[in-house]
J.: 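Supplied in structure tokens, the structure appears directly below.
If you read the sequence from its start, that first residue is 1, and numbering goes on from there. Values in this document were obtained by computation on a predicted structure and should not be read as measured data.
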Amino acid sequence: MNSIGKLCMAMAAGLSFISYSGFAAPNGAVLILNGKHLKSTTITATAGHKYFGELEGPAWENKYNAMRYYADNGNRNSVDIVGKYKYDPILHYADSANFELHADHTWGGDIFKAGNCRGLGGFNLFDNGTWINPALGENLDSMTITVKDSSVQTPSIIVKYWGLSVNGSKNNLEWTIATKQDIRPTYCDLTITGNYSGKVVVCLRKYVNAGVTLVKDPNKALLATLGKQAGIVETYTDSCLLAVYADKKYFSSFSDDSINYGMVLTPDANKKVQWAMAYNWAKEPLQIYNGTKWQDTLFTTPTAIAVPAMKTKISGDKNLSEFRVEKAFDLNGKCVSLQPLSRNAIMRNGVYIFEYLDKTGQKRITSYVLHSK
């Protein structure tokens with residue numbers, strides 16, 4: 001593997017905030033109906049299976065993950081995942097009239113059988129222990145889906161549920177789904193308007209395969225499964241880590257039904273609740289779940305900094321005494337230094353992150369250097 005390929009692996013493990021320019025497609029979030037990209041549309045219970053074609057609803061992706069939301073009257077209200085073989089864009093393939101997600105492609109495919117469960121990170125309301133599915137059907141008047149941001153940098157989608165009946169009263173829900181290009185998680189923000197005062201349960205499909213590990217960690221508000229989980233295609237029965245987590249302030253308990261594991265969350269005073277979801281599978285370039293601290297690696301939040309062009313080697317005309325290293329990683333993503341760095345201190349391959357002032361002494365510049373001996 002060349003140094004750039006190794007760099008991508010290092011970024012996946014520990015440098016998720018470095019800019020990635022590999023996206024060739026113009027969209028990081030799409031809603032496609034009859035081959036046309038929509039900005040927004042309202043659908044009713046007449047929207048049947050495959051109403052939105054092969055994607056079956058809105059879809060979004062970042063560098064690592066691609067997901068889609070089932071929007072139809074099949075009572076699913078589910079989030080499905082798509083596996084990537086490489087950290088490249090895949091949503092543009094859905095523009096093809098011959099697109100078939102349930103096949104093994106050169107770029108990946110449908111690695112997860114969501115079925116009628118909530119999939120990865122789908123939700124139900126949780127009223128006194130009763131699960132209420134806000135899917136199109138008898139309990140919901142209509143649904144509006146909006147691609148808020150289709151860019152590859154900050155894709156986001158809003159799903160609005162209109163007229164959800166709970167205990168004889170109507171409620172509206174607004175679910176914002178958002179991610180960033182260089183992070184693994186997708187973040188969710190749900191706001192409830194109406195008389196509903198209960199909780200929300202965020203779900204993972206319940207697998208019964210031998211060897212699938214279930215993680216329920218109330219201290220981290222983390223729900224995860226890890227192991228060989230059934231895919232649509234025979235070749236996709238590979239190990240996969242699926243996880244949802246939340247800020248501990250929302251965490252209430254764990255509660256399962258017959259087909260879902262569930263993490264119960266309590267909305268705040270504004271009837272808002274937030275959670276995140278992410279996955280990592282065996283055939284992508286890096287398997288972070290092999291590490292002993294994958295819980296920390298999986299949900300790393302990126303640092304909000306501007307990223308200049310990356311150099312492939314340390315320039316000989318740079319005086320490294322100018323630099324103050326912020327962090328240094330080796331090519332396995334392990335943090336190897338948090339100390340001031342000099343030229344003699346660079347003893348191994350790695351990605352080094354420097355901060356220094358420009359010639360005026362006013363502007364702080366962040367530089368990323370790949371050193372490969």
Side-chain angles (χ1 to χ4, degrees), residues 12 16 19-33 35-41 43 51-72 76-84 86-96 99 101 105 107-112 114 118-123 143-161 173-190 202-204 242-245 274-281 284 298-299 301-302:
S16 59
S19 179
Y20 174 74
S21 59
F23 279 87
N27 295 307
V30 297
L31 179 65
I32 301 174
L33 179 62
K36 296 182 179 180
H37 287 239
L38 302 180
K39 176 67 176 177
S40 181
T41 190
I43 56 178
Y51 178 83
F52 288 106
E54 193 67 22
L55 287 179
E56 303 180 61
W60 62 96
E61 68 176 331
N62 53 40
K63 175 181 171 181
Y64 305 100
N65 292 171
M67 302 185 183
R68 58 188 182 129
Y69 169 67
Y70 290 148
D72 56 30
R76 292 187 295 176
N77 188 40
S78 179
V79 176
D80 193 18
I81 68 175
V82 181
K84 298 185 180 187
K86 301 177 182 179
Y87 294 140
D88 291 330
I90 65 172
L91 284 185
H92 59 288
Y93 292 113
D95 290 335
S96 170
F99 176 70
L101 184 60
H105 302 277
W107 46 265
D110 191 343
I111 65 172
F112 179 62
R118 302 292 81 77
L120 170 63
F123 72 95
M143 180 188 297
T144 301
I145 301 171
T146 302
V147 179
K148 182 180 179 181
D149 186 346
S150 63
S151 73
V152 296
Q153 290 79 21
T154 54
S156 61
I157 289 167
I158 298 176
V159 182
K160 293 184 178 180
Y161 305 79
L173 284 62
E174 181 171 311
W175 183 22
T176 300
I177 304 165
T179 187
K180 292 184 179 180
Q181 182 184 26
D182 294 315
I183 65 175
R184 190 175 290 271
T186 288
Y187 295 99
C188 297
D189 185 316
L190 180 69
V202 180
C203 306
L204 272 180
L242 304 168
V244 294
Y245 82 110
Q274 298 172 315
W275 68 93
M277 52 210 187
Y279 63 94
N280 175 226
W281 77 303
E284 67 175 83
L298 184 65
F299 300 116
T301 301

J.: To the nearest 0.5 Å, tell me how far I157 CD1 sits from C188 SG.
T.: 10.5 Å

J.: Measure the CD-CD distance between E61 and Q181 for me, rounded to the nearest 0.5 Å.
T.: 10.0 Å

J.: Where is the tightest heavy-atom contact between L33 and Y51, given as atom of each residue plus distance?
T.: CD1-O, 3.1 Å

J.: Under 3.5 Å, is there a donor on one side chain and an acceptor on the other for W60 and T186?
T.: yes

J.: Between atom CE of M67 and atom OG of S78, what is the distance when rounded to the nearest 0.5 Å?
T.: 11.5 Å

J.: Would you name the heavy atoms of G28 and L91 that are closest together and state the gap between them?
T.: O-CD1, 3.7 Å

J.: For K36, does the NZ atom have more than 12 heavy-atom neighbours from other residues, nucleotides or ligands under 6.0 Å away?
T.: no

J.: Once rounded to the nearest 0.5 Å, what's the spacing between atom CG of D149 and atom OG1 of T179?
T.: 11.0 Å

J.: Show the nearest heavy-atom pair for residues K39 and V147, with the distance to one decimal.
T.: NZ-O, 2.6 Å

J.: Show, in sequence, the C-alpha distance, side-chain angles and deciding distance for I81 and L242, and conclude whether the side chain to side chain contact (heavy atoms under 4.5 Å, CB included) test is met.
T.: CA-CA 10 Å; I81 68 175; L242 304 168; 3.5 Å; yes

J.: Has the side chain of T176 got a donor or acceptor atom that lies under 3.5 Å from a matching backbone atom of I158?
T.: no

J.: Would you give the length of the straight line joining atom OH of Y70 to atom CZ of F52, rounded to the nearest 0.5 angstrom?
T.: 14.5 Å

J.: Where do S40 and T146 come nearest, in terms of heavy atoms and distance?
T.: OG-OG1, 2.9 Å

J.: Is the backbone N or O of G121 less than 3.5 Å from a side-chain atom of W275, with the two atoms forming a donor-acceptor pair by type?
T.: yes

J.: Do N62 side-chain atoms and I183 backbone N/O form a donor-acceptor pair below 3.5 Å?
T.: yes

J.: Can you name the nearest heavy-atom pair linking E284 to Y279, along with the distance?
T.: OE1-O, 4.3 Å

J.: Does N77 reach the main-chain N or O of F123 with its side chain, forming a donor-acceptor pair under 3.5 Å?
T.: yes

J.: Look at the side chain of R68 and the backbone N and O of L55, then say whether any donor-acceptor pair between them is shorter than 3.5 Å.
T.: yes

J.: Using 30° and 60° as the class limits, which term best fits the ring planes of W175 and Y161: parallel, tilted or perpendicular?
T.: parallel

J.: Would you check, one step at a time, whether the test salt bridge (Lys or Arg N to Asp or Glu O under 4.0 Å) holds for K63 with D182?
T.: CA-CA 6 Å; K63 175 181 171 181; D182 294 315; 5.3 Å; no

J.: If every non-hydrogen atom of P89 is compared with every non-hydrogen atom of K84, which pair is closest and at what distance?
T.: CA-NZ, 4.3 Å

J.: Enter the distance from N27:CG to I32:CD1 here, rounded to the nearest 0.5 Å.
T.: 8.0 Å

